[in-house]
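Notes for the one structure printed next.
Atoms within each ligand, like the ligands themselves, are counted from 1 in listed order. Keep in mind that what you see is a predicted model, and the values were worked out from it rather than measured.
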Amino acid sequence: MSGFLTLGIETSCDDTALALLEGERDVVCDVISSQIADHSKFGGVVPELASRKHQEALLPLLRSLLSQTGVKPCDIGLIAVTAGPGLMGSLLVGVMAAKALSQGWETPLIGVNHLEGHLYANVLANPGLIPPFLCLIASGGHTELVLMRGRGEYILLGSTRDDAAGEAYDKAAKLLGLGYPGGPAIESAASGGDPSAFDFPVAMRGSGAVEFSFSGIKTSLRTTVQKLNGPDGTGHVPIADICASFQRAVTESLLVKILLAVRTTGVKKVAISGGVAANAALREALTEAGHKRKFDVYLPPKKYCTDNAIMIAAAGKASFDRGIRSGLSLTPDPSWSIWRRTEFMYDTPKYQAATIRL
Ligand code: KG4
Ligand code: ZN
C-alpha cells in the first residue's frame with residue numbers, strides 16, 4: 001500500500017460501517033456491523049437502540065480493521081465521517097469518534113453528506129461514469145432524483161412527497177408479516193408471483209414533474225389484504241402475487257420519473273443507489289429501458305447500494321481533493337441538504353436550456 005489512505009466512518013442509521021480506501025476507489029478493507037437483528041423485532045429502526053449499538057460496535061470494528069490490514073494510524077491521511085442526514089443520536093456517535101481520532105492521530109477530518117456518499121457508490125464502482133449523470137437515490141429515508149453536473153455540483157430534480165420507496169417496502173412487509181427490512185423480504189416473497197395479479201397504483205404517473213409518492217400504495221395494499229382476508233380473517237392472501245404486484249408498481253413509479261428526467265434534461269447516463277437499488281426487478285427494468293431508449297445504465301454492486309463506509313470514504317476523498325476540510329467544530333446535521341433546487345417547466349425546452357446548461 002503506497003497510496004493515500006482514507007478511513008470512512010458511517011453511522012447515520014442502523015449500520016456501523018468502517019472502511020479503508022486507497023486513492024479514489026481501491027478498497028483496502030471494509031467492515032460492517034448490522035443491527036438488523038436488534039431492530040427487526042420492532043419492525044423498524046429504534047433510534048435510541050441504534051445509537052447505543054453504534055457505540056458498542058465502533059471501536060471494536062476499528063481495531064479489527066487496523067489489525068486485519070496492518071495499517072497504522074499514522075498511515076491514514078484522512079478521516080471521512082457521515083455528518084448527516086440521518087438519525088441525530090446515530091450520527092453523533094460517528095462524528096464524535098471521528099473528531100476524537102482526528103485529534104489524537106493529528107489526521108485531517110471531513111464531514112460527508114450521506115446522500116453524496118450514495119452518489120459516490122456509483123462513481124467508485126464505475127470508473128467510466130463521468131458527470132453529468134442522473135442518479136436515483138432510493139433508500140429507507142430518501143427517494144430523490146439528482147443530476148450530478150460535476151464534482152460537488154448537484155441539482156435536485158425531484159423527490160418524494162411523502163414516504164420513501166424503501167419505507168414503502170418496509171411498511172408493506174410489516175403489514176404482510178414478512179419482517180424487516182422489507183425490501184429484501186418482499187423481493188424474495190415475490191419470486192414466482194404474478195406481477196400483474198393486482199393493480200396497485202403508480203402515483204404521480206402523469207404529473208409531468210419529477211415527484212414521487214408512496215403513501216397511496218401502502219393504503220391500497222392494506223385495503224386489498226383486508227378484502228382478501230374477508231370479515232372473519234380466514235380468506236386466502238396470495239403473498240407471492242401481492243408482493244410481485246407491489247414490487248412492479250413501486251418499480252414503475254421510479255422508472256416513469258427516471259424516463260421523464262432523461263427526456264427533459266437530455267442526460268443519457270443513469271445511475272441508481274440506496275438500498276432499493278439492490279432490487280433485481282428495478283435493476284432489470286432500468287437496464288431494459290436503457291437498451292430501448294438508448295441511454296447508459298450504471299448499477300453499483302448490491303453491496304455498495306445499501307449503507308456502507310466505502311462510499312463515505314470516496315465522497316470524503318473527493319471533497320478533500322477539492323480543498324474542503326472540516327474542523328473539530330464539525331457537528332452532525334440530521335437534515336443536511338447539499339442539493340441545489342431547480343424549478344422545471346418541463347414542456348418548455350428554452351427554459352430547460354437556460355436552466356440546465358451542461
Ligand atoms: O440505503 P439503505 O441501506 O439505508 C438507508 O439509508 O435507508 O436502505 C435501506 C432500505 C430499506 O428500506 C430496505 O427495505 C430497502 O432499502 N432495500 C430494498 C432492498 N434491499 C434493501 N428494497 C427493495 N429491494 C431490495 N432488494
Ligand atoms: Zn443510505
Side-chain angles (χ1 to χ4, degrees), residues 8-17 30 32-36 39-40 42-45 47 50 54 82-87 90-91 94 112-122 135-144 146 159-160 163-176 178-191 193 195 212 214 217-218 243-244 246-255 271-286 299-312 314-315 334-336 338:
I9 302 177
E10 157 62 38
T11 65
S12 67
C13 189
D14 60 343
D15 290 307
T16 319
D30 75 296
I32 189 156
S33 165
S34 166
Q35 301 177 5
I36 285 179
H39 297 285
S40 60
F42 302 105
V45 178
H54 285 309
T82 306
L87 300 171
S90 293
L91 290 166
V112 175
N113 183 285
H114 181 76
L115 299 178
E116 188 175 26
H118 274 303
L119 285 173
Y120 268 85
N122 280 285
C135 185
L136 171 78
I137 302 171
S139 67
H142 295 269
T143 307
E144 295 174 354
V146 173
S159 56
T160 181
D163 294 351
E167 194 180 352
Y169 273 111
D170 293 337
K171 287 180 175 169
K174 195 172 179 182
L175 196 131
L176 296 168
L178 296 175
Y180 175 85
I186 298 244
E187 180 168 11
S188 73
S191 104
F212 306 90
F214 294 102
I217 190 170
K218 184 186 63 195
C243 288
F246 181 87
Q247 185 171 256
R248 181 188 60 87
V250 173
T251 301
E252 210 170 314
S253 306
L254 298 172
L255 193 61
I272 50 173
S273 62
V276 179
N279 184 271
L282 175 63
R283 295 166 82 92
E284 273 162 35
L286 185 60
L299 305 171
K302 292 192 180 182
K303 178 180 159 182
Y304 288 3
C305 292
T306 44
D307 288 349
N308 64 84
I310 305 168
M311 66 186 195
I312 301 303
S335 49
W336 182 14
I338 50 166

Output the list of atoms in ligand 1 that are nearer than 4.0 Å to some heavy atom of [X], sorted by atom number.
{"X": "T306", "answer": "3 (O)"}
{"X": "G140", "answer": "5 (C), 7 (O), 8 (O), 9 (C), 10 (C), 12 (O)"}
{"X": "E187", "answer": "24 (N), 25 (C), 26 (N)"}
{"X": "D170", "answer": "11 (C), 12 (O), 13 (C), 14 (O)"}
{"X": "G141", "answer": "7 (O)"}

Inset, instruction - Would you confirm whether N122, through its side chain, and I272, through its main-chain N or O, come within 3.5 Å as a donor-acceptor pair? - result: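 Looks like yes, one N/O pair under 3.5 Å.
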
Legend entry - Under 3.5 Å: donor-acceptor pair, side chain of D170, backbone of G182: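 Judged by distance alone, yes, a pair lies under 3.5 Å.
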
Inset, instruction - Quick one: look at H114 and ligand 1, take heavy-atom pairs under 4.0 Å, and tell me if it's side chain, backbone, both or neither. - result: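 The side chain, only.
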
Inset, instruction - Answer with yes or no whether K302 contacts ligand 1, where contact means a heavy atom under 4.0 Å from a ligand atom. - result: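 Heavy atoms of K302 never come under 4.0 Å of ligand 1.
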
Legend entry - Residue-ligand contact C13/ligand 1, heavy atom below 4.0 Å: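 Not so, C13 does not reach ligand 1.
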
Inset, instruction - Answer with yes or no after comparing the ring centroid distance for Y169 and F246 against a 6.0 Å cut-off, counting only values under it. - result: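 For Y169 and F246, the ring centres are under 6.0 Å apart.
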
Inset, instruction - Using 2.8 Å as the cut-off, note every protein N, O or S atom close to the Zn ion (ligand 2). - result: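 Listed by chain and number, the nearby protein N, O or S atoms are H114 NE2, H118 NE2, D307 OD1.
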
Inset, instruction - Identify the two heavy atoms, one from K302 and one from A280, that lie closest to each other, and give their separation to 0.1 Å. - result: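 Taking K302 first and A280 second, the nearest heavy atoms are NZ-CB, 4.2 Å.
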
Legend entry - Among A190, S273, G275, A280, closest by any non-hydrogen atom to atom 8 (O) of ligand 1: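 Answer by nearest heavy atom: G275.
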
Inset, instruction - Report the nearest protein non-hydrogen atom to atom 23 (C) of ligand 1: residue, atom name, distance rounded to 0.1 Å. - result: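 The protein heavy atom lying closest is G183 CA, 3.4 Å.
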
Inset, instruction - Distance to 0.1 Å, residue and atom name: give those for the protein heavy atom nearest to atom 3 (O) of ligand 1. - result: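 It is D307 N, 3.1 Å.
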
Inset, instruction - Please assess V45 against Y180 for the test side-chain contact (heavy atoms from CB on, under 4.5 Å), listing each intermediate value before the final yes or no. - result: CA-CA 9 Å; V45 178; Y180 175 85; 3.1 Å; yes

Inset, instruction - Specify whether F212 and F214 have parallel, tilted or perpendicular ring planes, treating 30° as the upper limit for parallel and 60° as the lower limit for perpendicular. - result: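 If you compare the ring of F212 with that of F214, the planes turn out parallel.
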
Legend entry - Check: E10/S12 side-chain N/O donor and acceptor closer than 3.5 Å: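 Looking only at side-chain atoms, S12 and E10 do form a donor-acceptor pair, the distance falling under 3.5 Å.
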
Inset, instruction - Using distance alone, decide if ligand 1 has a nitrogen or oxygen within less than 3.5 Å of any nitrogen or oxygen in G274. - result: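 No, since none of the N or O atoms of G274 sits under 3.5 Å from an N or O of ligand 1.
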
